Every structure is written in C-alpha cells, then in structure tokens.
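Presented below is the structure to which this report refers.
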Amino acid sequence: MRSVEGLSESEIATIVDSVCFNHDGLVPAIAQQFDSGEVLMMAWMNAESLAETLRHRRVVYWSRSRGELWRKGDTSGHSQQLVSVALDCDRDTVLLGVHQVGAACHRNTRTCWDTDELAVRFTQPIGDL
C-alpha cells in the first residue's frame, strides 16, 4: 500500500473506474478500525459515494433504504474518517481503514456484530478435533 497525502481527481477516477459495481451500481464496503483491525460494519457504496469518500476522507455510503447518499455521522455524530482504502482481488469489495468516532452501528454499538446472539467461538482449533 502506498502512502499519499491526498488524491488528485484523476487518481480518484482511476480507483472508482476500476471497481466492479453490481447490477444496481453498488459495491459492498467493509469498514475496519485502522489501528486495531476491528471489523466495524458493512455498507454499500456507489461510484459517487466512493469518490466523495476519497475526495474528502470522510466516509460516505449509499443508503439503499433511503435511496440517497449517507454521510456517516450526519445525524448521529458517529463519523468515520478515512485512513486507507483498498479493493479486493476481484475489485468487487472495498475495504475502508477508518478512524471511528463513536458507535459504528445504527443500533448505537461499537460494531454491527456486538449484539449477535447467534455468534459462536469454537474452543478447539480444527487440527485438534
């Protein structure tokens, strides 16, 4: 991963144009706390929200339920500042390294997995079975 102070409009366009958006024009975006690696949430981005995120380094998603851009933190104050961005090997998923301010989940929890009653942790590694 290269280090930059910012991206030019041309660099932003190159990144956005290389993304494989789905038939709805969306791509899944995974937000991960940049310093701990903690997975915070998954949301959707379109080309405009990805470009805005890269341009201003404040994460913007696409709200499927509202049909509009969703600037993380506009209503809750729980924002995400962009630290890094990467595309997976198929270029159909975006990984956002973020500095999370406040809760990441709309249910006011740190992550979107904090309240999963069905979550399990296996006590034995596979090799020990």
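Just so it is clear, the structure is predicted and the values come from calculations on it, not from any experiment.
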Return yes if some donor-acceptor pair links the side-chain N/O of D90 with the main-chain N/O of D92 below 3.5 Å, else return no. no
Compare every heavy atom of M41 with every heavy atom of C112, then report the nearest pair and how far apart it is. SG-CB, 3.5 Å
Approximate separation, where rounding is to 0.5 Å, of M42 CE and T111 OG1: 14.5 Å
Residue pair V85 / V94, side-chain heavy-atom distance below 4.5 Å: yes
Using side chain to side chain donor-acceptor pair (under 3.5 Å) as the criterion, point out the one residue from Q80, H78, Q81 that pairs with Q100. Q80
Would you indicate whether R107, at its atom CZ, is surrounded by more than 12 heavy atoms from other residues, nucleotides or ligands within a distance under 6.0 Å? no
R57 and E5 ion-paired at < 4.0 Å: no
Tell me, do L7 and R55 make a side-chain contact under 4.5 Å, heavy atoms counted? no
hydrophobic_cluster_shared for I12 and M45, side chain cutoff 4.5 Å: yes
Side-chain heavy atoms of L40 within contact of V98, under 4.5 Å: yes
Would you indicate whether the side-chain heavy atoms of D88 and L95 approach each other to under 4.5 Å? no
side-chain contact (heavy atoms from CB on, under 4.5 Å) filter on A47, not counting sequence neighbours, yields V16, F21
Does a side-chain heavy-atom distance below 4.5 Å link R58 with D74? yes
With sequence neighbours left out, what residues match S84 under side chain to side chain donor-acceptor pair (under 3.5 Å)? none
What's the separation between atom CD in E68 and atom OG in S63, rounded to the nearest 0.5 Å? 6.0 Å
Taking side-chain hydrogen bond (donor to acceptor under 3.5 Å, both in side chains) as the cut-off, I'd like each qualifying pair that reaches into residues 25-35, sequence neighbours left out, listed once. Q33-D35, Q33-R110
Is there a side-chain contact between I15 and L54, using heavy atoms and a 4.5 Å cut-off? yes
Residue pairs passing the ring pair (Phe, Tyr, Trp, His ring centres under 6.0 Å) test where at least one lies in residues 81-122, sequence neighbours excluded: none
For A104, is there any backbone N or O sitting under 3.5 Å from a side-chain donor or acceptor partner on K72? yes
Would you check if there is a donor-acceptor pair between the side chains of D17 and T14 at a distance under 3.5 Å? no
Using links of under 4.5 Å between side-chain heavy atoms of ILVMFWY residues, direct or through other members, which residues join F34 in one cluster? V83
Do S79 and V59 have side-chain heavy atoms sitting under 4.5 Å apart? no
Taking ring-ring contact (aromatic ring centres under 6.0 Å, His included) as the test, write out the residues that go with W70, two or more places apart. Y61
Checking side chain to side chain contact (heavy atoms under 4.5 Å, CB included) against V19, which of N46, L26, L50 comes through? L50
State yes or no: do I30 and L82 share one hydrophobic cluster built from I, L, V, M, F, W and Y residues joined by side-chain heavy-atom distances below 4.5 Å, directly or via other members? no
Flag the pair N22 / W44 as yes when at least one side-chain heavy-atom distance between them is below 4.5 Å, and no otherwise. yes
Heavy-atom closest pair (S49 atom, L69 atom, distance to 0.1 Å) is CB-CD2, 3.6 Å
